[in-house]
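Each remark here refers to the structure printed beneath this line.
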2 protein chains.
Amino acid sequence: MVSIKDIAKSVGVSTATVSKALNHKSGVSQTVRNQIIEKAKEMGYVVNGLARGMKISKTFTVGVLVSDIKNPFFSEVISAMERVLYAKKYNLMICNVGENPQKEVEYLELLVSKKVDGLIVAPAAEGQNLSIYRNLVRHGMKIVLFDRLIDSVNCDSVVIDNRASIYEVTKYLKDRGHKKIGSIYGIEKSYTGHERLNGFKEAIEELNLEYHKEWVRSGFFREEDSYKQSLEILAKSSKPTAIIAMNNFSTLGLMRAVKELEIKVPDDLSIIGFDDAEWMKVCSPSITTVIQPADAIGMTAATLLLDAIENENIHTIQHVVLKAKLIERESVKSLI
Amino acid sequence: MVSIKDIAKSVGVSTATVSKALNHKSGVSQTVRNQIIEKAKEMGYVVNGLARGMKISKTFTVGVLVSDIKNPFFSEVISAMERVLYAKKYNLMICNVGENPQKEVEYLELLVSKKVDGLIVAPAAEGQNLSIYRNLVRHGMKIVLFDRLIDSVNCDSVVIDNRASIYEVTKYLKDRGHKKIGSIYGIEKSYTGHERLNGFKEAIEELNLEYHKEWVRSGFFREEDSYKQSLEILAKSSKPTAIIAMNNFSTLGLMRAVKELEIKVPDDLSIIGFDDAEWMKVCSPSITTVIQPADAIGMTAATLLLDAIENENIHTIQHVVLKAKLIERESVKSLI
DNA sequence: GGAGAAAATCTAATCGATTTGTTCAAGATA
DNA sequence: TATCTTGAACAAATCGATTAGATTTTCTCC
């Protein structure tokens, strides 16, 4: 590979001059500068990012940790981040940790060793790597948490108002005459799972709705589990009139069960989903759902991180809470 | 950050010894080795990947270029790659190039400067960066192409038999009495778009089916365009009895149009999709579709690349062609 | 023409890990 | 005891770029 040294030799100057010329820094005559740039292009020179990164302690790389790239919510968030970071010439290193804390640790270490300039993380469910995050922050690593929070880590974050939005849709159902409401919730120990479930429970209580343990089941944010739990709920003779599914996979599982049991939606059962997926507006009936502003989440997270990286001294930590939005489609029937 | 030097000083040995000890190389007594490892852990040492990468000319990083992470096909492929690469301690750098050749070039350069050990690429549609790929290969870069081919680049590749599979589904429709078949195809200039469309045309011709220009329209592999073109096709008084959509977004667009026009599937129109998405089996009617083995594609591509990287001398270039599979669901009606 | 300022260029240290070639000491052999 | 072997440990070069500080060249102006 051609290096700065080769160019220097070829043009007849020192490497210092070449470096300055190629980085558009002052202290090089116009003539020499042009010669160098010309030669560099001719020889097909590409800077060695390792050497450069080592010297200037900056890699223009950001690590992203999510639990599942296949989840359309995360792909959309990541896609938005990419847009923002690309504009500033940053690269992202994406790590898929599943819900595996051990893998999370390994990837974190890998990213640290790769000297990423910052991290954007949706921490794994159990939150047991808390001390690692705290340690990273203490050592000056720039971190933005999104989707899931860890209270005790002092860094920027972007989440939605999970609790409020589930509360709201529960009320939405009540307002339409639903009194028997069930739900397929997620991973209770995870931030989102916990918050959403709590929003639901609060609503049930405060709005004086019936609470049936059999109607409120965890699908672990997975399609298969949600499908099975949905079957359980819907097999009973005493069924809810509406079910809230608390993420996209839960919604999918619920839909599968409904289809299999040939239950008519919304006539026999009303459904509210969570997250948006393109199919939700295409299928019949289309799904009324709570949409997370995935794009905004990604952009905000990336922007916060860039700010933290590039304005190290004046950056103040922010906790952004975005609003989720209920989109009314065809899967809810008014009983009034 | 703590470096090898700090450990050396702290233990009272040279950096050479520390390096050997931490890398499990011979030439260090058991006693000293243990001391070093102990101390390293205690001081929270993490190797500096930049320095190491620079010295050993290896970064354990693979660049991945796709046109759209949000496309479930690509997320699934990437997810499979991640699984394979993670097992060997490689990281992936994912780049979203859209169908923008300029962005493709920039990202390629970025990845080169980051000294990735190899590239896995679904090249952008137009194939105009051909010479760049050829150049990279000539300079020893390990590349695996997937999804889309560039003939003249001499490197490993993984694709499916696009042409054959579309031919096959067209025949499938004919066998069920369909004579008027339309299609929402993709980007004609792209490899997949081209191959699939040609498979369709061949089938039409060889199987003596009607060919109506108005029934065969490009949706550019995008939902919105596919939706519009579907409306155009279905608005005519002389409609096809079946439509083949040639990727997941096309299928989605077609479905949207069908829903909007309140056309009954499969009674009034049969549909065959392409790619699989979880919703396709959940919606009503569920979609008969051609499934690409996304997981296998990702695993194969990653495996090929690893082989190319790790067995540089004995690796022989392979062109793998995987089979796509028609999954029969509810969206096709037999007219016989 | 020459002093002094300004601009251009160079030298050399540095980032952190790896590795080659050496030195040194302990144990083996005669 | 003298010599040889072997293993442990070290010094220093290296990867490629950046940059502070030294040096040289060019320019300005009296």
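Numbers restart at 1 for each chain; the letters A, B, ... are given by sequence-line order, proteins then strands. Side chains included, hydrogens not; waters and symmetry mates left out as well; all remaining heavy atoms used.
With distances taken from any side-chain atom of B:Thr15 to the nucleotides C:dT18, D:dC10, C:dT9, the minimum falls on C:dT18. Of the listed nucleotides (D:dC15, D:dA17, D:dA9), D:dA17 has the atom at the smallest distance from the side chain of A:Arg52.
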List the steps and the verdict of side-chain contact (heavy atoms from CB on, under 4.5 Å) for A:His319 and A:Asp156. CA-CA 6 Å; A:His319 300 287; A:Asp156 295 274; over 6 Å; no
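A sub-4.0 Å separation between OP1 or OP2 of C:dT9 and a side-chain N or O of A:Ser29 is present. Contact annotation: B:Asn23 side-chain N/O to C:dA17 OP1/OP2 distance is not under 4.0 Å. Put simply, B:Ser19 has a side-chain N or O that comes within less than 4.0 Å of OP1 or OP2 on C:dT18. Applying the 4.0 Å criterion to OP1 and OP2 of C:dT19, one finds that B:Lys25 has a side-chain N or O inside that range.
Among the protein residues, B:Val32 comes within range of the sugar-phosphate backbone only, with heavy atoms under 4.0 Å from sugar or phosphate atoms but none that close to a base. Residue A:Gly12 is in sugar-phosphate contact alone, with no base atom involved, counting any heavy-atom pair closer than 4.0 Å across all strands shown.
Residues B:Ile69 and B:Val66 approach most closely at N-CG2, 4.2 Å, considering heavy atoms.
Across the protein-nucleic acid pair, A:Ile56 atom CD1 and D:dA17 atom P stand 12 Å apart, rounded to whole Å. Distance CG (B:Asp6) to P (C:dC15): 11 Å, rounded to an integer number of Å.
A:Lys88 and A:Glu82 are not joined by a salt bridge, as no carboxylate oxygen comes within less than 4.0 angstrom of a charged side-chain nitrogen.
Looking only at atom types and distance, the side chain of B:Arg52 has a donor-acceptor partner in the side chain of B:Asn23 under 3.5 Å away.
If you find the closest nucleotide of DNA chain C to A:Lys55 and to B:Val47, the one lying nearer the 5' end belongs to A:Lys55.
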